[in-house]
Visitor: 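I'd like to ask some things about the structure below.
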Amino acid sequence: MIHIHEAGGSSPSLPTIATHSRLYLMAKYYVTTSIPYVNGDPHIGFAMELLYADVLARRARQQGDEVIFTTGTDEHGGKVAEKAAEQKLEPKAYTDQISQRFRELGKLLNVSSNRFIRTTDPGHEQRAQLIWKTIANDIYKGKYVGWYCTGDEAFFTETEVKANNGICPVHKRPYEKIEEENYFFKLSKYTAAVNEAITKDEYRIVPTTRRNEILGMLKSGLEDISISRPKDKIGWGIPVPSDATQVMYVWFEALMNYITVLGYPEHEDFKQYWPAQVQVIGKDIIRFHAGVWPAMLMSLKLPLPHQLYVHGFITVDGKKMSKSLGNVIHPGDIIAKYGVDACRYYFLRHVPSYEDGDFSWERLEAVYNNELANELGNAVQRTVVMIQKYEDGVVGVTPPAEHDIAQYEAALANCRFDRALDEVWEQVRGLNQYIDEEKPWAIAKAGDKDHLRSVLAYQVSSLLNIAVLLEPFLPETSAKIKGIFGDKLRPLEGTLFPKHDAPAA
RNA sequence: CGCGGGGUGGAGCAGCGGCAGCUCGCGUGGCUCAUAACCACGAGGUCGCAGGUUCGAGUCCUGCCCCCGCAACCA
């Protein structure tokens, strides 16, 4: 049995406007994040990945799809065992702790994932062994030859060894040539087929630059990869079936999570939800997801995911985030000061969806004040006040929205979250311009009740439309706006985004 | 010749063959419904450097310089 953990998914909100333009058939929608390796606490890099996947999941639900949205943690391997030993913990006890922090990260960010898989779940381990047996035809025993430094307890590449003239610069001793018995996966056999699937966009990789990158790698062909480790060297892993001396190489087994979490092979969820619509990953692990993973699926005779979305990395004040620099940003710090939606907004709009981006408190402050408080928050506020002043708080009949959302939809289909929000903000600006042009206060003075009512109704309609478009991105804000302009006016206690005076530390 | 991404007004970015554009910041004006918010107008760029193709080049080609990743077993 597989462990299924229900995370705090929000109830799907019914689309009011977005769907009237097209007929959308209810479908199964499966979206995944990568499962981060638990050798450290979560930071904003993975937080961003959760947010991207969350937008896709929420949008799909909004369209009426049934959604499975998975995330989880990758918990085996030498590095984890080392970390655990440092803290004088058993590996499992250590990963229990860290895994929990990743789970909490999702809640903190209001991410609507509904399954959380750990590679140490018994279900995953059993299914991984089953997968191994299923693709046994593509697995063979071979020798891995490498340069090993006993000081580092690690292998080094040929080029690295050459660059150091055969002597480890840290430990001042020669690298040893070590042969190791490993199992290998016939990755080479599938190179051509993977290449074709990507070329034909059957397995669509966005952005295009990433697609080109992987096609370049595939052109020279992929070599078979070692997929096991001797148990006496790295004990913390899933045993290879029928060979007690070996455990599975972490990566090989971790990739399987995308199907074991659905209950591959027999569970109904697997049958209904695979292949995934979109798999969200970071640029560092593209070769595993665009090279190894599709080959594994082909070996299993399973269809490939429809789309792989590769995001970039975040720098902080232009510098790489690192513990030694002490500039690691924790999502909790941002949320504590600005709220969860402001945090979501920053990463979704101001980190380029197709490239690396930068975070700084100054920029967050500016964005919060200008775009969230002034433009959106104030548009809501002025509309609320006008309805109170001129209409005794009565919201009239609102006309359906007439905005063209083709650009917004196209942006989302291509995982251009930044562009999608640009489109929404076009409407926010448009609304503020509309108010200034129509001058409802002047109409009120002139006493033209009908005209006034239609202008205010338009404002409300525009805001409700914005709320719908915003739902996948800023679910709380969206709900608040919808709540204010329901059948009757229900103003908030304060404002949507209260202004801050002092910048954050 | 390892591979890839990038260098456009103070900042962040778009444009990828046809008058250099957007957001922030800055300046001026307008408005008063509003969270000193909103709206309009303006200043500010020889588009990394040097050649070339073209009637015309951020935009195509060649060479160079500078940043940032990746470089196969650490996941």
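Just so it is clear, the model here is predicted, and its values are computed rather than measured. Sequence lines set the chain letters: A, B, ... in the order given, protein chains first and strands last, and positions in each chain run from 1.
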Visitor: Is it the case that B/A37 (base atoms only) and A/N374 (side chain only) share a donor and an acceptor within less than 3.5 Å, ignoring hydrogens and angles?
Guide: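 Answer is no: no donor-acceptor pair is held.
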Visitor: Between A/K389 and B/A34, is there a side-chain N or O to OP1/OP2 distance below 4.0 Å?
Guide: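 Yes, because at least one side-chain N or O of A/K389 sits under 4.0 Å from OP1 or OP2 of B/A34.
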Visitor: Test of understanding: with side chain to side chain contact (heavy atoms under 4.5 Å, CB included), list the residues that count as partners of A/Q129, not counting sequence neighbours.
Guide: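 Scan of A/Q129 (side chain to side chain contact (heavy atoms under 4.5 Å, CB included), adjacent residues dropped) gives A/I238, A/P239, A/P241, A/M248.
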Visitor: Within the 3.5 Å criterion, strictly below it, is a donor on A/D392 or A/Q388 matched to an acceptor on the partner's side chain?
Guide: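 The answer is no; no qualifying pair exists.
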Visitor: Using the glycosidic torsion, which applies to B/G45: syn (within 90° of 0) or anti (everything else)?
Guide: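 Because its glycosidic torsion lies more than 90° from 0, B/G45 adopts the anti conformation.
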Visitor: Can you find an N or O donor on one side and an acceptor on the other, under 3.5 Å apart, linking the side chain of A/R287 with the base of B/C70?
Guide: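 No such pair is found, so the answer is no.
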Visitor: Given B/G25, is OP1 or OP2 found less than 4.0 Å from the side-chain N or O atoms of A/N370?
Guide: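 For B/G25, OP1 or OP2 has a side-chain N or O of A/N370 closer than 4.0 Å.
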Visitor: Verify, without hydrogens or angle tests, whether A/H289 (side chain) and A/I281 (backbone) share a donor-acceptor contact under 3.5 angstrom.
Guide: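 The answer is no, because no donor-acceptor pair under 3.5 Å joins these two groups.
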Visitor: Got a list of side-chain donor-acceptor pairs under 3.5 Å for residues 379-387 of chain A, not counting sequence neighbours?
Guide:
unit_1	atom_1	unit_2	atom_2	d
A/R382	NH1	A/N432	OD1	2.9
A/R382	NH2	A/D436	OD1	3.1
A/T383	OG1	A/A379	O	2.8
A/T383	OG1	A/Q459	NE2	3.0

Visitor: Show every salt bridge (charged side-chain N to carboxylate O under 4.0 Å, His left out) that has at least one partner inside residues 281-294 of chain A, sequence neighbours left out.
Guide: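 Listed by first then second residue: A/K283-A/D356.
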Visitor: For Watson-Crick and G-U wobble pairs within 3.5 Å on both distances, what is RNA chain B written in dot-bracket notation, | included for inter-strand pairing?
Guide: .(((((((.[[[[.)..(..]]]].(((((.......))))).....[[[[[..)....]]]]])))))).....
Visitor: Measuring only the C1' atom in each nucleotide, how far is B/G51 from B/G18? A whole number of Å is fine.
Guide: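 Taking atom C1' in both B/G51 and B/G18, they lie 23 Å apart.
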Visitor: Just how far, in rounded Å, is C1' of B/A72 from CG of A/N182?
Guide: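 Distance, rounded to whole Å: 14 Å.
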Visitor: Examine the side chains of A/E253 and A/H124 and answer whether a donor and an acceptor come within less than 3.5 Å of each other.
Guide: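 The criterion, which ignores hydrogens and geometry beyond distance, is satisfied for A/H124 and A/E253.
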Visitor: Using the test side chain to side chain contact (heavy atoms under 4.5 Å, CB included), find all partners of A/T191 that sit at least two apart in sequence or belong to another chain.
Guide: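 By the side chain to side chain contact (heavy atoms under 4.5 Å, CB included) rule, A/T191 matches A/L218, A/L222.
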Visitor: Do any of residues 245-257 of chain A sit with a heavy atom less than 4.0 Å from RNA chain B, and if so which?
Guide: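 Those residues whose heavy atoms fall under 4.0 Å from RNA chain B, taken from residues 245-257 of chain A in numerical order, are A/Y249, A/V250, A/W251.
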Visitor: Between the protein and nucleotides 10-13 of chain B, which nitrogen or oxygen pairs are less than 3.5 angstrom apart?
Guide:
none

Visitor: Reckon A/R211 touches a base, only the sugar-phosphate, or nothing at all at heavy-atom distances under 4.0 Å?
Guide: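 No contact.
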Visitor: Before you tell me yes or no, could you show the steps for A/D243 and A/K231 under salt bridge (charged side-chain N to carboxylate O under 4.0 Å, His left out), namely the whole-Å CA-CA distance, both residues' side-chain angles and the distance that decides it to 0.1 Å?
Guide: CA-CA 10 Å; A/D243 186 341; A/K231 194 176 170 64; over 6 Å; no
Visitor: Write down the distance separating the C1' atoms in B/C22 and B/G45, rounded off to the nearest Å.
Guide: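 To the nearest whole Å, 14 Å.
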Visitor: Considering only atom C1', compute the distance from B/G69 to B/U28 and round it to an integer number of Å.
Guide: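 Rounded to whole Å, the distance is 45 Å.
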Visitor: Below the 4.0 Å mark, does B/A40 have OP1 or OP2 next to a side-chain nitrogen or oxygen of A/Q433?
Guide: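 Yes, such a contact exists.
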Visitor: A/F252 vs A/F185 aromatic rings, parallel, tilted or perpendicular, using cut-offs 30° and 60°?
Guide: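 If you compare the ring of A/F252 with that of A/F185, the planes turn out tilted.
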Visitor: My understanding is that only residues two or more places apart in sequence, or in another chain, count here; which of them pass ring pair (Phe, Tyr, Trp, His ring centres under 6.0 Å) with A/Y309?
Guide: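 With neighbours one apart ignored, the set is A/Y52, A/F417.
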Visitor: Classify the nucleic acid contact of A/G77 as base, sugar-phosphate or nothing, counting any heavy atom under 4.0 Å across all strands shown.
Guide: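 A/G77: no heavy atom of the nucleic acid under 4.0 Å.
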Visitor: What is the distance from CD of A/E213 to C1' of B/G2, rounded to the nearest Å?
Guide: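 It works out to 14 Å between those atoms.
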Visitor: Given the P atoms of B/C38 and B/A34, what is the spacing between them in whole Å?
Guide: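 14 Å, rounded to whole Å.
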Visitor: Separation of A/L376 atom CG from B/C24 atom C1', in whole Å?
Guide: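 The distance from CG of A/L376 to C1' of B/C24 comes to 17 Å, rounded to the nearest Å.
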Visitor: Assess the side chains of A/E438 and A/Y458: does a donor N or O sit below 3.5 Å from an acceptor N or O?
Guide: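 No, because no side-chain N or O of A/E438 sits under 3.5 Å from a partner of the opposite role on A/Y458.
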Visitor: Residues in ring pair (Phe, Tyr, Trp, His ring centres under 6.0 Å) with A/Y183, at least two apart?
Guide: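 With sequence neighbours excluded, A/Y183 shows a ring pair (Phe, Tyr, Trp, His ring centres under 6.0 Å) to A/W132, given in chain and number order.
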Visitor: On a whole-Å scale, what distance lies between the C1' atoms belonging to B/A57 and B/U8?
Guide: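 Taking atom C1' in both B/A57 and B/U8, they lie 14 Å apart.
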Visitor: Is there a residue in residues 434-444 of chain A whose heavy atoms reach under 4.0 Å of RNA chain B, and which residues are they?
Guide: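 Heavy-atom cutoff 4.0 Å gives A/D436, A/W441.
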Visitor: Looking only at atom C1', what distance separates B/A20 and B/C31, rounded to whole Å?
Guide: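 Looking at atom C1' only, B/A20 and B/C31 are 32 Å apart.
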Visitor: Excluding sequence neighbours, so at least two apart, what forms side chain to side chain contact (heavy atoms under 4.5 Å, CB included) with A/A47?
Guide: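 Here the qualifying residues are A/L105, A/L109, A/P331.
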Visitor: Apply ring pair (Phe, Tyr, Trp, His ring centres under 6.0 Å) to A/F46 and list each qualifying residue two or more places apart in sequence or on a separate chain.
Guide: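 Applying ring pair (Phe, Tyr, Trp, His ring centres under 6.0 Å) to A/F46 gives A/F102.
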Visitor: For the P atoms, the ones on B/C70 and on B/G9, what distance do you get once it is rounded to whole angstrom?
Guide: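 Pairwise P distance, B/C70 against B/G9, rounds to 27 Å.
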Visitor: Using ring pair (Phe, Tyr, Trp, His ring centres under 6.0 Å) as the criterion, point out the one residue from A/Y37, A/Y94, A/W236 that pairs with A/H76.
Guide: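 Output: one option passes, namely A/W236.
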Visitor: In whole angstrom, give me the gap between the P atoms of B/U46 and B/C33.
Guide: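 Rounded to whole Å, the distance is 44 Å.
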